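On a predicted model such as this, the values are computed, not experimentally measured, just so you know. A note on names: the letters A, B, ... follow the listed sequences, proteins ahead of strands, and every chain is numbered from 1.
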Number of protein chains: 2
Amino acid sequence: MFAIGEASRQSGIGIETIRYYEREGIVPKPERASNNRRMYATQDIGRLRFLKKCRDLGFPLADARTLLELSEGDSEDCQSVKDLAEHHVLNVREKIEELERLEAALTELTANCDSGNVSCPMLSQLRTL
Amino acid sequence: MFAIGEASRQSGIGIETIRYYEREGIVPKPERASNNRRMYATQDIGRLRFLKKCRDLGFPLADARTLLELSEGDSEDCQSVKDLAEHHVLNVREKIEELERLEAALTELTANCDSGNVSCPMLSQLRTL
DNA sequence: CTTGATCCTGTAGTGGCTACAGAAGTTATA
DNA sequence: TATAACTTCTGTAGCCACTACAGGATCAAG
């Protein structure tokens, strides 16, 4: 059994975040030692590591929670997992596209910006109707 | 002079957001009519439109504020504008790269997911150490 | 016995809005 | 003129997913 600091080190999730996950009911409340300190079993650490990976993959916390539940459920509902992940990947692609549009727009706006300019072309552009 | 609803329509910024910008000191407090309602001059609307464009380009609000100040300053400090924009575009590129890594990882994880699977390969992967 | 690390609870802050509640005023129609 | 519907006002709370305290208790090492 590990204290919260060790659980944090082993999972890569910050101490405050672990307590936050507990408050939010995303992980079950761990046992407490006689001194009231949280004690984490290997399985608890596994859950935290699982959540960490989901978050690193960009899943919203609610999705990470669902995935964890699916992972611990009786039947491995692969279809639900796939649906969740594909929905998420669509979001990711949308964000990529939007950022690429932004990048193009910004590059164009700054193209003619130079320290020698009397008036700034980017500001001019931002001021147009 | 326009009421806040009209200012919102002309700038594309929501009414609540306009009041928020005022609270935060991002735009100056507008005049008030005798009935205490905010009255926006054409110049005020111009500021809101400027901010809207900055936000649409993904600049953080603090940057948008700085750009607005640069735009209203005595000298058009084109170099500062350029620096801000280039720093922002670097951030955008970083985000794009991170999202592309996510996309690749997610695609790989879901590749072998099918409704016919007994155990879900994605969940297995998320459970590994 | 002291020092320093770790842990506890509870609360507040982050960014950038957004959504109320409840009151007051304005405008359009009957 | 009455009334309905719209707009605006202030103030507060919620969103996401943490993160950062404050102020106290406990623990391990020297």
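- With rounding to whole Å, A:Ile15 atom CD1 is found 14 Å from D:dC21 atom C1'.
- Nearest-nucleotide positions on DNA chain C place A:Ala3 closer to the 5' end than the other of B:Ser34 and A:Ala3.
- Note: CE (B:Met1) to C1' (D:dT7) measures 18 Å, nearest angstrom.
- The pair A:Arg47-A:Glu72 meets the salt-bridge criterion, with a side-chain N (NZ, NE, NH1 or NH2) lying under 4.0 Å from an Asp/Glu carboxylate O.
- Taking atom CD of residue A:Glu22 and atom P of nucleotide C:dC8, one finds them 9 Å apart after rounding to whole Å.
- At whole-Å resolution of the value, CG in A:Leu61 and P in D:dC15 are 14 Å apart.
- Taking for each of A:Glu16 and A:Glu6 the nucleotide of DNA chain C with the nearest heavy atom, the 5'-most of the two is the partner of A:Glu6.
- Proximity of B:Ile4 to B:Arg37: side-chain heavy atoms (C-beta onward) are nowhere separated by under 4.5 Å.
- Here B:Thr17 reaches the OP1 or OP2 of C:dT18: one of its side-chain N or O atoms lies under 4.0 Å away.
- Of the candidates D:dT8, D:dT19, C:dT9, C:dT9 carries the atom nearest the A:Asn36 side chain, counting heavy atoms from C-beta on.
- Within the nucleic acid shown, B:Tyr21 comes within 4.0 Å of sugar-phosphate atoms alone, with no base atom in reach, counting heavy atoms only.
- Between A:Glu31 and A:Arg38 the shortest side-chain heavy-atom distance does not fall below 4.5 Å.
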Go through the steps to decide whether A:Tyr20 and A:Ile13 satisfy the test side chain to side chain contact (heavy atoms under 4.5 Å, CB included), and finish with yes or no.
CA-CA 11 Å; A:Tyr20 167 73; A:Ile13 301 185; over 6 Å; no

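- In this structure, CZ of A:Arg23 is placed 13 Å from P of C:dA12, rounded to the nearest angstrom.
- Of the candidate nucleotides D:dT10, D:dT8, C:dC8, D:dT10 has the atom lying nearest to any side-chain atom of B:Arg32.
- As a whole-Å value, the separation of A:Ile13 CD1 from D:dA17 C1' is 12 Å.
- Rounded to a whole Å, the CE atom of B:Met39 is 17 Å from the P atom of C:dG25.
- Side-chain proximity of B:Ile4 to D:dT19, D:dC9, D:dT26: nearest is D:dC9.
- Taking only distance into account, the side chain of B:Arg37 never meets the base of C:dT26 through a donor-acceptor pair shorter than 3.5 Å.
- Between the CZ atom of A:Arg19 and the C1' atom of D:dT19 there is a distance of 12 Å, rounded to whole Å.
- Within 6.0 Å of the CD atom in A:Glu108, the count of heavy atoms belonging to other residues, nucleotides or ligands does not exceed 12.
- Contact check, A:Asn35 against C:dC7: no side-chain N or O comes under 4.0 Å of OP1 or OP2.
- The shortest distance between the side-chain N/O atoms of B:Arg38 and the OP1/OP2 oxygens of D:dC9 is below 4.0 Å.
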